[in-house]
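Small disclaimer: the values here were computed from a predicted structure and weren't measured. In each ligand, atom 1 is the first atom listed, and ligand 1 is the first ligand listed.
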Amino acid sequence: MTHPPVVTYPTYLQLDKILEAQAPLGPATLGPSVHAAEQFFIVVHQAFELWFKQVLTDLDCACEALSAQPRDPERALDHLQRVASIHRLLYQQMTLFDHLSPGTFLAFRPYLGTASGSESDQWRQVQKALGLRGEPRSQLYALLESAARDSGLSMLDVYREPFRAGVLYRLAEALVDISDLFWQLSAAHVEIAERTIGQREGTGGTRGVPYLREALEVKAFPELWDIRTRL
Ligand code: HEM
């Protein structure tokens, strides 16, 4: 009789793969501190990608819960609140780069070639789910609006009568949290870029900081920001 393999902490988490996946490209001649800084740079970016994987899964689940028959807004809320909390962490994570000195970064930056955060598929998918980056409208927002319509409420009613709207109001505010935190994360990114590379061009070939700043002109779920003026 064959027994199922014993589950252990390192095998369950596949730590052998994860802990071998940091490979700084700067030569050893740059010294141990530059090596440590490049490893730090890689770990932070990898952690972003892992968290974005979770964010995308939770956003999908929230959409699924809001489009199920019958709709399950409480379950959608659980997922959206987790997304908001992860974004709070990601903002903090971005500020970790306050501990990457410009001189050290410049030492290993040439080895990055043309690699750039703008090649992050998952970041783009998150932006798409939030209705950013030229997307006409977020599916998530459209689903919330139709859930409100099913209850005979417009989104303005949801804000005028939060007590009556209940979970719909809390869902709308979870989206505002996510919008706000994604904006704060993007703003922290611009600050970090300026702090480490000043007005240099990006490795991806853009103008760098001025290009990144343009993204701060738009916020996700503009309808929910607009309602604050119309109330
Ligand atoms: C020292 C840290 C960082 C610096 C100096 C930096 C710098 C830049 C610059 C200059 C750009 C413009 C595109 C280019 O020409 O390369 C950019 C884009 C981008 N970076 Fe960063 N970045 C840093 C950290 C991060 C982190 C931790 C992430 C998280 C994944 C990230 C994600 C992105 C994304 C998604 C873009 C594309 C933005 C867009 O096109 O709207 N960056 N970064």
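With a 4.0 Å heavy-atom cut-off, ligand 1 is reached by no atom of Ala215. Residue contacts with ligand 1, taken as heavy atom pairs separated by less than 4.0 Å, involve Arg133 solely via side-chain atoms from C-beta onward. Residue-level proximity to ligand 1 for Thr196 is carried by the side chain, the only part with a heavy atom below 4.0 angstrom. Contact annotation: for Val209 versus ligand 1, there are no heavy atoms closer than 4.0 Å.
The protein atom (non-hydrogen) at minimum distance from atom 29 (C) of ligand 1 is Phe48 CG, 3.6 Å. What sits closest to atom 7 (C) of ligand 1 on the protein, heavy atoms only, is Ala193 CB, 3.9 Å. For atom 37 (C) of ligand 1, the nearest non-hydrogen atom of the protein is Ser118 CA, 3.3 Å. The protein atom (non-hydrogen) at minimum distance from atom 9 (C) of ligand 1 is Leu212 CD1, 3.7 Å. His45 NE2, 3.5 Å is the protein heavy atom nearest to atom 24 (C) of ligand 1. Shortest contact from atom 40 (O) of ligand 1 to any protein heavy atom: Tyr211 OH, 2.5 Å.
Shown in contact with Gly204 at under 4.0 Å from a heavy atom are these atoms of ligand 1, numbered in order with element: 14 (C), 15 (O), 16 (O). Each of the following atoms of ligand 1 lies closer than 4.0 Å to a heavy atom of Gly205: 15 (O). Every atom of ligand 1 is numbered from 1 in the order shown, and the set under 4.0 Å from a heavy atom of Gly202 is 10 (C), 14 (C), 15 (O), 16 (O). The atoms of ligand 1 that sit less than 4.0 Å from any heavy atom of Ser116 are 13 (C), 14 (C), 16 (O). Close contacts between ligand 1 and Ile192 involve ligand atoms 1 (C), 2 (C) [criterion: under 4.0 Å to a heavy atom]. Listed by number with element, the atoms of ligand 1 under 4.0 angstrom from any heavy atom of Ile197 are 10 (C). Numbered from 1 in the order shown, with element, the atoms of ligand 1 that lie under 4.0 Å from a heavy atom of Leu100 read 1 (C). Residue Trp123 has at least one heavy-atom neighbour below 4.0 Å for each of these atoms of ligand 1: 29 (C), 30 (C), 35 (C).
Taking 4.0 Å as the cut-off between side-chain N and carboxylate O, Glu64 and Arg71 do not count as a salt-bridged pair. In this structure, Glu119 does not pair ionically with Arg124, as no charged nitrogen and carboxylate oxygen lie closer than 4.0 Å. Residues Glu223 and Arg230 are not paired through a salt bridge, judged by the lack of any N-O separation under 4.0 Å between the basic side chain and the carboxylate. Using a 4.0 Å cut-off between charged nitrogen and carboxylate oxygen, Arg109 and Glu38 do not count as a salt-bridge pair.
Remark: of the listed residues Trp123, Tyr91, Phe221, Trp123 is the sole one forming a ring pair (Phe, Tyr, Trp, His ring centres under 6.0 Å) with Phe182.
Heavy-atom distances between Arg124 and ligand 1 reach below 4.0 Å in at least one pair.
On a distance-only criterion, Thr206 and ligand 1 share at least one N/O pair closer than 3.5 Å. The N/O atoms of His189, backbone and side chain alike, include one that comes under 3.5 Å of an N/O atom in ligand 1.
Nearest heavy atoms, Thr203 versus Ala115: OG1-O, 2.7 Å.
Proximity of Met155 to Tyr141: side-chain heavy atoms (C-beta onward) are separated by under 4.5 Å at one or more points. For the pair Glu145/Arg149, a side-chain contact is recorded, criterion being any heavy-atom separation below 4.5 Å from C-beta on. Contact check for Ser138 versus Leu130: no side-chain heavy atoms found under the 4.5 Å cut-off. For the pair Leu80 and Asp58, the minimum side-chain heavy-atom distance is 4.5 Å or more. At a threshold of 4.5 Å between non-hydrogen side-chain atoms, the residues Arg207 and Arg213 do not count as touching.
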Requested in this report: Could you check Phe40 against Phe97 for ring pair (Phe, Tyr, Trp, His ring centres under 6.0 Å), going step by step and ending with a plain yes or no?
Outcome: CA-CA 9 Å; Phe40 172 60; Phe97 281 131; 5.6 Å; yes

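Neither Leu181 nor Leu59 shares a network with the other; the hydrophobic side chains, linked directly or stepwise wherever heavy atoms of I, L, V, M, F, W or Y lie under 4.5 Å apart, form separate groups for each.
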